[in-house]
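Scroll down for the structure; my scribbles are underneath it.
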Amino acid sequence: MAAGRPMSRFWEWGKNIVCVGRNYADHVREMQSAAPSEPVLFLKPSTAYAPEGSPVLVPAYTRNLHHELELAVVMGKRCRAVPEAAAMDYVAGYALCLDMTARDVQDECKKKGLPWTLAKSFTASCPVSAFVPKEKIPDPHNLKLWLKVNGELRQEGETSSMIFSIPYIISYVSKIMTLEGGDIILTGTPKGVGPVKENDEIQAGIHGVLSMKFKVEKPEY
């Protein structure tokens, strides 16, 4: 609980969605990007959350919407400039998220040196699983993540392959911005990102822990 609010429904009241880009070497290679020397950060608004049961929405301005499968760290309490050795004390649990990305828009943003907001921060761009208490995942760096589209395996990766560890990321982010209970950090995606279209079904999971399912739809506006 954070200030009387249920952590199990953090997406209803948590403020910040902090995302880490390029945190798996195989994904860096598939995107033909440079390996980072420090975490690459961007933000999504809380209106990006799409809990299971609601659809993934395709923005009208993209022709190439991609899935990116990510382990999310859910913060349990406020922290600022926390040392790496103490970072895990501030974690309440975990969730599985999709960082939905308008890839064609992101490519244009990169060419022009513009922020990624249009590509990453639209409504329903962060589908989210049920909350998993920290006690159920003793080692978040020893998990297998998977994602299927219409039953076809697209992404499969191990959190042991992260470039920057979870304690390092928490410490790094907290030295830039104060983190609060209910905030989450998306820790990057393994290789295998790819396109989805209207009426596709996305299934994803953490092996042995949970799974989730979403339908891709176009918004009504």
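For the residue pair Gln155 / Thr189, a side-chain donor-acceptor distance below 3.5 Å is found, with atom types taken as modelled. Side-chain contact check for Asp104 and Asn64: no donor-acceptor pair (N or O, by modelled atom type) lies under 3.5 Å. Side chains of Thr101 and Lys120: a donor on one and an acceptor on the other come within 3.5 Å.
A donor-acceptor distance shorter than 3.5 angstrom exists from the side chain of Ser174 to the backbone of Val82, with no hydrogens or angles considered. Using modelled atom types, one side-chain atom of Glu52 and one backbone atom of Lys213 make a donor-acceptor pair closer than 3.5 Å. Of the possible donor and acceptor atoms, one in the side chain of Thr187 sits under 3.5 Å from a partner among the backbone N and O of Leu71. Side-chain atoms of Asn150 come within 3.5 Å of backbone N or O of Glu201 as a donor-acceptor pair. Checked by atom type and distance alone, the side chain of Ser121 never pairs as donor or acceptor with a backbone atom of Pro45 at under 3.5 Å. Using modelled atom types, one side-chain atom of Asp183 and one backbone atom of Glu180 make a donor-acceptor pair closer than 3.5 Å.
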**OP:** Please assess Val18 against Ile169 for the test side-chain contact (heavy atoms from CB on, under 4.5 Å), listing each intermediate value before the final yes or no.
**Re:** CA-CA 10 Å; Val18 184; Ile169 291 168; over 6 Å; no
Checklist entry - Going through the checks in order, is the side-chain contact (heavy atoms from CB on, under 4.5 Å) test met by Met100 and Val56? => result CA-CA 8 Å; Met100 301 306 297; Val56 172; 3.8 Å; yes
task: Apply side-chain contact (heavy atoms from CB on, under 4.5 Å) to the pair Ile170 and Ile185, showing each step before the final yes or no.
output: CA-CA 8 Å; Ile170 293 170; Ile185 301 174; 4.0 Å; yes
Checklist entry - Should Lys77 and Asp89 be marked as a salt bridge (Lys or Arg N to Asp or Glu O under 4.0 Å) after you check the CA-CA gap, both sets of side-chain angles, and the distance that decides it? => result CA-CA 9 Å; Lys77 54 185 176 180; Asp89 295 341; over 6 Å; no
| Criterion side-chain contact (heavy atoms from CB on, under 4.5 Å) on Val128 and Leu96, from CA distance to verdict | CA-CA 6 Å; Val128 59; Leu96 193 63; over 6 Å; no
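Under a 4.0 Å N-O distance rule, the pair Asp99/Lys44 qualifies as a salt bridge. No salt bridge links Lys144 with Glu156; every basic N to acidic carboxylate O contact stays at or beyond 4.0 Å. Under a 4.0 Å N-O distance rule, the pair Asp26/Arg29 does not qualify as a salt bridge. Salt bridge annotation for Glu68-Arg103: present, with a cationic side-chain nitrogen under 4.0 angstrom from a carboxylate oxygen.
Rounding to the nearest 0.5 angstrom, the gap separating the CG atom in Asn23 from the CD1 atom in Ile163 is 5.5 Å. Here the straight-line distance linking atom OH of Tyr49 with atom SG of Cys97 works out to 6.5 Å at 0.5 Å rounding. Between the OG1 atom of Thr62 and the CD atom of Glu108 there is a distance of 11.0 Å, given to the nearest 0.5 Å. In this structure, CD1 on Ile166 lies 11.5 Å from CD on Glu84, to the nearest 0.5 angstrom. In this structure, CH2 on Trp11 lies 7.5 Å from OG on Ser129, to the nearest 0.5 angstrom. Note: Ser211 OG to Leu147 CG = 11.5 Å, rounded to the nearest 0.5 Å.
Val209 and Trp146 fall into different hydrophobic clusters, defined by Ile, Leu, Val, Met, Phe, Trp and Tyr side-chain heavy atoms under 4.5 Å apart, directly or through other members. Cluster annotation: Val105 is connected to Val216 through the hydrophobic network of ILVMFWY side chains, with a link wherever side-chain heavy atoms come within less than 4.5 Å. Each of Leu114 and Trp116 belongs to its own hydrophobic cluster when Ile, Leu, Val, Met, Phe, Trp and Tyr are linked at side-chain heavy-atom distances under 4.5 angstrom. Hydrophobic clustering of Ile, Leu, Val, Met, Phe, Trp and Tyr side chains at less than 4.5 Å, counting indirect connections, keeps Phe214 apart from Leu153. Both Phe164 and Leu69 belong to a common hydrophobic cluster when Ile, Leu, Val, Met, Phe, Trp and Tyr are linked at side-chain heavy-atom distances under 4.5 angstrom.
Residues Val132 and Lys136 share a closest heavy-atom pair of CG1-CB, 3.8 Å. Contact detail for Val58 and Pro219: the closest heavy-atom pair is O-CD, 3.0 Å. Here the shortest heavy-atom pairing between Ala95 and Phe10 reads CB-CZ, 3.9 Å. Nearest approach of Val20 to Pro39, heavy atoms of both residues: CG1-CB, 4.3 Å. For the pair Pro83 and Ser171, the tightest heavy-atom approach, listed with the atom from each and the gap, is C-OG, 3.9 Å. In this structure, His141 and Pro167 approach most closely via the heavy-atom pair CE1-CD, 3.7 Å.
Contact check for Tyr94 versus Val74: no side-chain heavy atoms found under the 4.5 Å cut-off. Residues Arg154 and Glu152 are in side-chain contact: their nearest non-hydrogen atoms beyond the backbone lie under 4.5 Å apart. Considering only heavy atoms from C-beta on, Pro190 stays 4.5 Å or farther from His27 through its side chain. Side-chain contact check for Asn16 versus Ile184: every heavy-atom pair is 4.5 Å or farther apart. Between Ile176 and Tyr172, the closest side-chain pair of non-hydrogen atoms falls below 4.5 Å. The side-chain heavy atoms of Met7 and Trp13, taken from C-beta on, include a pair separated by under 4.5 Å. Residues Met88 and Pro140 have side chains in contact (heavy-atom distance under 4.5 Å, counting atoms from C-beta outward). Side-chain contact between Thr159 and Tyr24 is present, with at least one heavy-atom pair separated by less than 4.5 Å.
The environment of Lys218 atom NZ is sparse: at most 12 non-hydrogen atoms of other residues, nucleotides or ligands sit within 6.0 angstrom. No more than 12 heavy atoms of other residues, nucleotides or ligands sit less than 6.0 Å from atom NZ of Lys191.
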